[in-house]
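In what follows, a single structure is set out as structure tokens and then discussed.
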Amino acid sequence: MLIERLSPCHAADYRALMLDAYAACPEAFTSTVAERENLPLTWWEGRLSADPAADRLVLGALDGGELVGVVGLSFQSREKTRHKTTIFGMYVRPRWRRRGIGRQLLLSALAHARERPGVKAVQLTVTEGNAPAVALYESCGFVSFGVEPLAIAVGAQYLAKVHLWCRIDPDERSWSPPADG
């Protein structure tokens with residue numbers, strides 16, 4: 001499995017994968033098919049900038065040229081928050097799950113975050129009740145720091161999001177979260 005940073009040339013495949021993700025797992029994403037399907041391909045290309053200093057990057061898992069999974073990193077530019085980055089859009093196609101691809105993507109994302117000067121923490125959210133995703137994140141060093149009730153609406157149902165974070169700077173051993181999380 002090849003994990004690589006996606007570029008604008010991957011936009012059509014990235015768009016197709018994410019539209020599948022929004023349709024297959026509406027409870028996992030804040031975006032919907034209806035919101036994203038009519039966006040021009042240039043919008044998707046913009047998410048895949050090859051610029052090393054871009055405010056976001058998307059990594060893809062490719063098998064023989066087929067895009068089977070993705071994860072994104074969104075870097076903060078504001079002075080008081082630029083030490084944090086956010087994981088977004090993590091998805092592995094169902095027939096490719098349980099092969100360690102999600103772990104490879106997540107670890108690669110953490111490695112990219114560590115390469116960005118000044119980044120000390122990575123945050124993400126996961127829909128409450130998604131035990132496999134929470135287990136993956138926790139096994140890679142993420143710790144929960146709260147639950148946001150009514151975070152997203154999927155039809156008439158409101159779902160909570162669990163907020164997790166992972167400290168990634170070299171001094172991470174000198175700090176640990178409080179015992180109560």
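Between L164 and V143 there is no side-chain heavy-atom pair separated by less than 4.5 Å. Looking at L159 and E128, their side chains never come closer than 4.5 Å, going by heavy atoms from C-beta outward. Residues S144 and V162 meet the side-chain proximity criterion, which asks for heavy atoms closer than 4.5 Å. Counting heavy atoms from C-beta outward, Y14 and E45 have side chains that stay 4.5 Å or more apart.
A113 and T85 get closest at one heavy-atom pair: CB-CG2, 3.9 Å. Residues W165 and R167 come closest through the heavy atom pair CZ3-CB, 3.5 Å. Shortest non-hydrogen contact noted between G141 and C166 is O-SG, 3.7 Å. Nearest approach of I168 to A121, heavy atoms of both residues: CG1-N, 4.0 Å. Shown here for A61 and I101, the closest heavy-atom pair between the two residues is CB-CG2, 3.6 Å. When every heavy atom of A160 is checked against every heavy atom of P149, the shortest pair comes out as CB-CA, 4.0 Å.
By the 6.0 Å and 45° rule, R82 does not stack over the aromatic ring of F75. The cationic group of R56 lies under 6.0 Å from the six-membered ring centre of F88 and within 45° of the ring axis, placing it in a cation-pi geometry. In this structure, R99 satisfies the cation-pi test against W96, with its NZ or CZ atom closer than 6.0 Å to the six-membered ring centre and inside 45 degrees of the ring normal.
For the pair R97 (side chain) and V92 (backbone), a donor-acceptor distance under 3.5 Å is present. Side-chain atoms of T127 never come within 3.5 Å of backbone atoms of N130 as a donor-acceptor pair (strictly under, hydrogens ignored). With hydrogens and angles disregarded, no donor-acceptor distance shorter than 3.5 Å links the side chain of E37 to the backbone of A34. The backbone N or O of S7 sits less than 3.5 Å from a side-chain atom of H10, completing a donor-acceptor pair.
The CG atom of L19 sits 9.5 Å away from atom CZ of R36, with the distance rounded to the nearest 0.5 Å. The distance from atom CD of E27 to atom CD of Q157, rounded to the nearest 0.5 Å, is 8.5 Å. If you take CD on E115 and CG on L73, they are separated by 10.5 Å, rounding to the nearest 0.5 Å. Between the CG atom of L124 and the CZ atom of F142 there is a distance of 4.5 Å, given to the nearest 0.5 Å. Put simply, CE on M90 and CZ on F29 are 9.5 Å apart, with the number rounded to the nearest 0.5 Å. One distance of note links OG1 of T86 with CD of Q76; it measures 5.0 Å at 0.5 Å rounding.
Residues L67 and L59 do not share a hydrophobic cluster, clusters being chains of Ile/Leu/Val/Met/Phe/Trp/Tyr side chains in contact below 4.5 Å. No path of Ile, Leu, Val, Met, Phe, Trp and Tyr side chains, each step under 4.5 Å between heavy atoms, connects L62 with M1, placing them in separate hydrophobic clusters. Hydrophobic cluster membership differs between Y22 and I152, with clusters built from Ile, Leu, Val, Met, Phe, Trp and Tyr side chains linked at under 4.5 angstrom. There is a path of hydrophobic side-chain contacts, each under 4.5 Å, that joins V147 to V126. A single hydrophobic cluster is seen to contain both W43 and V70, as judged by linkage of ILVMFWY side chains at heavy-atom distances under 4.5 Å, directly or through other members.
Taking a cutoff of 4.0 Å between a charged side-chain nitrogen and a carboxylate oxygen, K84 and E79 do not qualify as a salt bridge. Ionic pairing of D13 and R15 is not present here: no N-O contact between side-chain nitrogen and carboxylate oxygen is shorter than 4.0 angstrom.
The residue from L110, V68, I3 that alone fulfils the side-chain contact (heavy atoms from CB on, under 4.5 Å) condition with L105 is I3.
In this structure, a donor-acceptor pair under 3.5 Å is absent between the side chains of H163 and Q123.
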Self-check item: Worked check of side chain to side chain contact (heavy atoms under 4.5 Å, CB included) between H83 and V119
Solution: CA-CA 4 Å; H83 62 284; V119 173; over 6 Å; no
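Residues passing the side chain to side chain contact (heavy atoms under 4.5 Å, CB included) test with R103 are L107, L136, S139, C140, sequence neighbours excluded.
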